[in-house]
There are 2 protein chains.
Amino acid sequence: MSGGVEWALHCCVVLTSVTEPVPAARLAQLHAVSPSYLAKQLQALSRAGLVRSVQGNAGGYVLTRSPELITVLDVVEAVDGPGPAFSCTEIRQRGPMAAPPQSCTVPCAISRAMAGAEATWRDALRSVSVADLARDVESDYGSGTLAGISAWLGTGGR
Amino acid sequence: MSGGVEWALHCCVVLTSVTEPVPAARLAQLHAVSPSYLAKQLQALSRAGLVRSVQGNAGGYVLTRSPELITVLDVVEAVDGPGPAFSCTEIRQRGPMAAPPQSCTVPCAISRAMAGAEATWRDALRSVSVADLARDVESDYGSGTLAGISAWLGTGGR
DNA sequence: GACAACTCGGACATCTGTTGTCCGAAACAG
DNA sequence: CTGTTTCGGACAACAGATGTCCGAGTTGTC
Ligand code: SF4
Ligand code: SF4
């Protein structure tokens, strides 16, 4: 799993509390990570249509829709790739005891089990929205946390 | 995800139908894969205690317990590593707006969501045993499939 | 009991994917 | 119109996974 998912999720949570575009460099120095690499993750989010990029002076990134409508699964798929983690090689069709091709119309038992497990994983991630995460953060660290971060982002807090 | 998990699962399913030890090389030529690499996966299974290795002439691998008691999760953890796929970097404690350490006694919302999703994934894999896979294979390709493979393994089917 | 053959086990290269970095193109503000 | 700021994709460095190899140990046989 790509470790950059954590950064992207943090950025999305932070972006819920701002209305002005925020540059990638500011977000990077907010949690002390490599600015260039975070930019790459944000580009992935932009390609997926989760955030809108505004170029030029006073530009940056903004969410395209309400945080309630952005699920964690969307972010994970955008950064880590939409393909399933377990890819079948179809080794049942190889070797001396290979299964005849006409018997391979449906995925085999192993592939089905893996696909089912990943489906539950996706459902669990889909049931959590970025707004839920923001709410939990507020309840964990106090109600002023998000507003404080927003203010720090707005002002030239260097 | 390590692609070798597929090979290991196939080997476990095949091993359900034999009572004599089977060498790694035979399993490798059964589904036409690299013998040395499959040996590595089997070593991982042996280290995890899922299969027992018998050395010397007429040696090989055998299951240590009933297939009903071996879950898919066991195989996955043995081959792919037991650690969670998503590892938290604790970036909330870095940067100018870092959360104070006394507030970080519990995992944050993001980490909790990911951990919950992985827990469901593990439960789904834990609920499927190798015996279930073998049963499904029999029902998919006919009742004689497993016996045929067992015979091919026993005889010097080259 | 000695021998020989066969097996596993871990140590050694290689290769793709992730991590990290950089500079040019485009756009907004003034 | 110009300067500055920003994004976007193209370019290296590293790591883990993939693939391979030979030695230690065991078993069966003579
Ligand atoms: S048995 Fe399942 S996992 Fe294995 S090759 Fe066939 S479809 Fe793929
Ligand atoms: S917010 Fe969660 S995922 Fe991010 S650093 Fe803190 S514990 Fe880790």
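Quick note on labels: first sequence line is chain A, next is B, and so on, each numbered from 1. Hydrogens, waters and symmetry mates are skipped; everything else that's a heavy atom, side chains included, is used.
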Applying salt bridge (charged side-chain N to carboxylate O under 4.0 Å, His left out), name anything that partners Arg52(A), two or more places apart in sequence or on another chain.
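Partners of Arg52(A) under the salt bridge (charged side-chain N to carboxylate O under 4.0 Å, His left out) test: none.
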
Sequence neighbours left out, what passes side-chain contact (heavy atoms from CB on, under 4.5 Å) with Gln55(B)? Give chain and number order.
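Gln55(B) satisfies side-chain contact (heavy atoms from CB on, under 4.5 Å) with no other residue.
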
Do Thr71(B) and Asp74(B) pass the side chain to side chain donor-acceptor pair (under 3.5 Å) test, and can you show the C-alpha distance, the side-chain angles, and the key distance before you say yes or no?
CA-CA 5 Å; Thr71(B) 69; Asp74(B) 293 331; 3.0 Å; yes

Per the side chain to side chain contact (heavy atoms under 4.5 Å, CB included) rule, which among Glu6(A), His31(A), Gln41(A) passes with Cys11(A)?
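Looking at Glu6(A), His31(A), Gln41(A), the match for Cys11(A) under the side chain to side chain contact (heavy atoms under 4.5 Å, CB included) is His31(A).
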
Could you pull out all residues at least two apart from Tyr37(A) that satisfy ring pair (Phe, Tyr, Trp, His ring centres under 6.0 Å)?
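Residues passing ring pair (Phe, Tyr, Trp, His ring centres under 6.0 Å) with Tyr37(A): Trp7(A).
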
Please report, rounded to the nearest Å, how far the [atom2] atom of [N] is from the [atom1] atom of [X].
X        : N       : atom1 : atom2 : answer
Arg26(A) : dC7(D)  : CZ    : P     : 11 Å
Leu42(A) : dT6(D)  : CG    : C1'   : 12 Å
Tyr61(A) : dT5(D)  : OH    : P     : 17 Å
Gln41(A) : dT21(C) : CD    : C1'   : 13 Å
Glu20(A) : dC28(C) : CD    : P     : 15 Å

So if I define the base as every atom that isn't primed, P, OP1 or OP2, how would nucleotides 20-30 of chain D read as a B/S/- string at a heavy-atom cutoff under 4.0 Å?
BB---BBSS--

Does anything in residues 128-150 of chain B pair up under side-chain hydrogen bond (donor to acceptor under 3.5 Å, both in side chains), and if so which pairs, sequence neighbours excluded?
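Sorted result for residues 128-150 of chain B: Arg92(A)-Tyr141(B), Arg112(A)-Asp140(B), Ser129(B)-Asp132(B), Asp132(B)-Arg135(B).
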
Determine whether a donor-acceptor pair (N or O, by modelled atom type, separation under 3.5 Å) exists between the side chain of Thr64(B) and the backbone of Gly49(B).
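At least one qualifying donor-acceptor pair exists.
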
Tell me whether Glu20(B) contacts the main-chain N or O of Gly154(B) through its side chain, where contact means a donor paired with an acceptor under 3.5 Å.
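Such a contact is absent between Glu20(B) side chain and Gly154(B) backbone.
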
List in numerical order all residues of residues 43-53 of chain A for which some heavy atom is under 4.0 Å away from an atom belonging to DNA chain D.
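Hits under 4.0 Å, by residue number: Gln43(A), Ser46(A), Arg47(A), Ser53(A).
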
Could you tell me whether Ala24(B) contacts a base, only the sugar-phosphate backbone, or nothing, with contacts defined as non-hydrogen atoms closer than 4.0 Å?
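Result for Ala24(B) = sugar-phosphate.
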
